[in-house]
Protein chains: 2
Amino acid sequence: MTAVETLTYPDPAAACDLASRNAERGALVTLFGTCTVEYEGRAASSLGPGDRHVMLKPDGAALVHTDEGQQPVNWQPPGCDHSVTVDDGTLVVRSTRSTPDESLEVAFETVAHAAAFDVSDSADLALTGTEADLKERILETPALVEEGFTPLATERETAAGAVDVYGEDSEGRTVVVELKRRRVGPDAVGQLGRYVEALERDLHADSEVRGVLVAPSVTDRARQLLARKGLEFVAVEPP
Amino acid sequence: MTAVETLTYPDPAAACDLASRNAERGALVTLFGTCTVEYEGRAASSLGPGDRHVMLKPDGAALVHTDEGQQPVNWQPPGCDHSVTVDDGTLVVRSTRSTPDESLEVAFETVAHAAAFDVSDSADLALTGTEADLKERILETPALVEEGFTPLATERETAAGAVDVYGEDSEGRTVVVELKRRRVGPDAVGQLGRYVEALERDLHADSEVRGVLVAPSVTDRARQLLARKGLEFVAVEPP
DNA sequence: GACTTAATGTCGGTA
DNA sequence: TACCGACGTTAAGTC
């Protein structure tokens with residue numbers, strides 16, 4: 001049975017005991033209450049008093065959530081060291097790391113709830129509909145790119161990075177395929193352009209290299225950019 | 001006082017009551033227990049049984065967290081409709097939206113803990129060290145770009161998008177400045193290149209346009225790309 | 001709603 | 001560890 005330990009309206013000392021003891025143990029700890037948050041590292045931020053939900057994960061991640069937004073208002077990535085203390089009667093959670101030097105400090109005016117959960121999770125997420133799946137589809141049915149297209153390699157290295165699918169057309173010309181699982185903008189065109197240029201330099205100067213962007217759709221600007229650079233677009237819906 | 005309602009090891013009906021009643025009220029609801037998660041929308045995913053922490057926010061966001069990672073293993077963005085029901089004796093949380101059509105379903109084998117929190121948070125995050133701050137710094141001290149640089153506009157529109165800082169050098173040549181708060185790779189060079197090309201087309205064909213990338217540092221590939229495109233780099237540390 | 005870009009992006013793979 | 005690109009990226013500002 002998944003073990004749970006909770007306290008409602010604990011005093012700072014009791015909340016500190018629960019949090020630090022369980023975090024040490026490798027449990028997932030949550031705290032809810034009125035707090036301020038200070039962050040300093042790659043950037044710096046300050047957040048005045050308000051009610052927030054703080055989560056300390058066994059892997060060293062820390063998350064501070066407000067009532068709004070999918071993203072935490074403040075956080076610390078996995079690998080950080082957490083400490084929970086009582087300073088001058090207030091509960092303070094600190095999470096720090098080096099490389100880069102970053103620190104997060106949550107100071108609780110009041111703690112409304114503290115909880116610790118024993119988490120056991122061995123399951124892996126099975127995700128489909130990614131770019132990797134699109135690549136599989138192209139390799140299975142190369143004609144989706146164009147009749148007579150022959151894939152020769154995936155992740156082929158160039159001076160500009162790895163090409164998604166590398167192959168040749170029915171006339172034997174080199175074809176670079178860049179895959180995107182969703183509608184693309186100018187950035188993807190630039191990426192494809194860099195691969196094409198790199199291959200034109202790598203291979204002989206005389207060899208023509210075609211660049212094909214495979215995606216569900218493109219924006220106007222991206223289409224213009226493709227035209228200007230002599231690159232092509234093929235619409236392929238994701239699986 | 002921030003109101004809190006909690007249940008430890010509730011039966012499905014009690015957990016459902018707490019969750020649905022409080023979510024309806026605009027409270028932040030959390031559930032912890034053994035569950036499976038199914039997602040379908042832009043992509044699709046399936047997650048076998050394991051212990052997870054589920055958060056339902058008043059703005060319609062939903063987050064499913066495992067013991068690892070800063071990011072939730074599954075989620076739903078703000079604006080979704082949540083429902084909590086008991087189906088065949090198991091607690092099921094559903095979160096859906098349209099445009100795009102997406103659904104998330106969390107089915108609890110057992111619920112170890114359920115909680116609801118009244119959240120009141122009016123504070124705004126004060127963040128410094130962003131690209132906007134770097135722009136301010138450049139406008140205050142244009143010599144950081146180069147002696148004699150004169151900013152003329154920010155966010156100047158071009159056919160390729162808005163330029164961070166637009167100005168001219170001591171010789172009257174047009175200068176496009178692209179700012180990055182951190183070390184940059186090839187993508188930022190491509191971005192700058194698009195702006196320069198667009199301005200060279202917009203302005204007269206004879207007018208030379210300089211492109212300057214302002215960032216703490218660049219990668220090797222980015223530096224080579226800059227050289228090949230005739231673009232420049234100026235190292236500026238963030239504030 | 002679509003488009004473009006920033007982000008303390010995060011995350012995973014690879015050299 | 002740095003680099004590079006994908007991500008169900010998300011979020012913000014603009015049109």
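Source: prediction; values computed, not measured. In what follows, every chain begins at residue 1, and chains take the letters A, B, ... in the order their sequences are listed.
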Just how far, in rounded Å, is C1' of C/dT10 from CG of A/L63? 12 Å

To the nearest Å, how far apart are A/Q76 CD and C/dA7 P? 18 Å

Given the C1' atoms of C/dA7 and D/dC7, what is the spacing between them in whole Å? 14 Å

If you check the B/K180 side chain, which of D/dA11, D/dA6, C/dA6 turns out closest? C/dA6

Does C/dT4 have OP1 or OP2 under 4.0 Å away from a side-chain N or O of B/Y195? no

Given D/dT10, D/dA6, D/dT1, the nucleotide with the shortest approach to the side chain of A/T99: D/dT1

Quick one: A/L225 CG to C/dC3 P, roughly how many Å, whole number? 15 Å

Apply salt bridge (charged side-chain N to carboxylate O under 4.0 Å, His left out) to the pair B/D87 and B/R94, showing each step before the final yes or no. CA-CA 11 Å; B/D87 289 16; B/R94 289 188 186 81; 2.8 Å; yes

With sugar-phosphate meaning primed atoms plus P, OP1 and OP2, does B/G69 contact a base, only sugar-phosphate, or nothing at under 4.0 Å between heavy atoms? sugar-phosphate

Tell me whether the side-chain N/O atoms of A/Q71 come closer than 4.0 Å to OP1 or OP2 in D/dT9. no

Quick one: is A/R182 getting a side-chain N or O under 4.0 Å of the D/dG8 phosphate, OP1 or OP2? no

Side chains of B/D121 and A/T66: donor-acceptor distance under 3.5 Å anywhere? no

P spacing across the pair C/dC11 / D/dA11, given as an integer number of angstrom: 15 Å

Closest to the side chain of B/L104, out of C/dT8, D/dA6, D/dG8, is D/dG8

Minimum-distance nucleotide to B/R42 side chain [options: C/dT8, D/dC4, D/dG8]: D/dG8

Rounded to the nearest angstrom, tell me the gap between atom NZ in A/K135 and atom C1' in D/dA6. 11 Å

Mind checking if B/A188 touches a base, just sugar-phosphate, or nothing, with heavy atoms under 4.0 Å? nothing

5'-most contact on DNA chain D (nearest-nucleotide basis), B/P78 vs A/R194, goes to A/R194

In whole angstrom, what separates A/N74's CG from C/dG9's P? 13 Å

d(NE2, A/H65; C1', D/dT10) in whole Å: 12 Å

Name the residue from B/V234, B/D164, B/V145 that meets the side chain to side chain contact (heavy atoms under 4.5 Å, CB included) definition with B/I138. B/V145

C/dT8 OP1/OP2 closer than 4.0 Å to side-chain N/O of A/R97: no

Does one side chain, of A/D101 or A/S98, offer a donor that lies under 3.5 Å from an acceptor on the other? no

Between A/W75 and C/dT10, is there a side-chain N or O to OP1/OP2 distance below 4.0 Å? yes

B/D164 has an atom CG; how far is it from atom C1' of C/dA6, in whole Å? 10 Å

With a 4.0 Å cut-off on heavy atoms, is B/Q191 in touch with a base, just the backbone sugar-phosphate, or nothing at all? sugar-phosphate

Quick check: any donor-acceptor pair below 3.5 Å linking the side-chain of B/D187 to the base of D/dG5? no

Could you point out which residue of B/H53, B/Q70, B/H65 forms a side-chain hydrogen bond (donor to acceptor under 3.5 Å, both in side chains) with A/K57? B/H65

Please report the distance, rounded to the nearest Å, between CZ in A/R183 and P in D/dT9. 14 Å

Could you check whether A/P77 gets within reach of a base, just the sugar-phosphate, or nothing at all, counting any heavy atom under 4.0 Å? nothing

Quick one: is A/R221 getting a side-chain N or O under 4.0 Å of the C/dA2 phosphate, OP1 or OP2? no

Which is true for B/T130 with a 4.0 Å heavy-atom rule: it touches a base, it touches only sugar-phosphate, or it touches nothing? sugar-phosphate

Describe the nucleic acid contact of B/E157 in one word from base, sugar-phosphate, nothing, applying a heavy-atom distance below 4.0 Å. nothing

Using a strict threshold of under 4.0 Å (side-chain N to carboxylate O), is an ion pair present between B/R194 and B/E178? no

Of B/D220 and A/Q70, the one whose closest nucleotide on DNA chain D sits nearer the 5' end is B/D220

State plainly whether the residues A/E155 and A/K135 are in salt-bridge range, i.e. N to O under 4.0 Å. yes

Where the side chain of B/P186 is concerned, which of D/dT10, D/dG8, D/dC4 is the nearest nucleotide? D/dC4

Describe the nucleic acid contact of A/A61 in one word from base, sugar-phosphate, nothing, applying a heavy-atom distance below 4.0 Å. nothing

5' priority, DNA chain C, between B/E131 and A/V184 [closest heavy atom]: A/V184

Respond yes when some side-chain nitrogen or oxygen of A/T219 is under 4.0 Å from OP1 or OP2 of C/dT4, and no when none is. yes

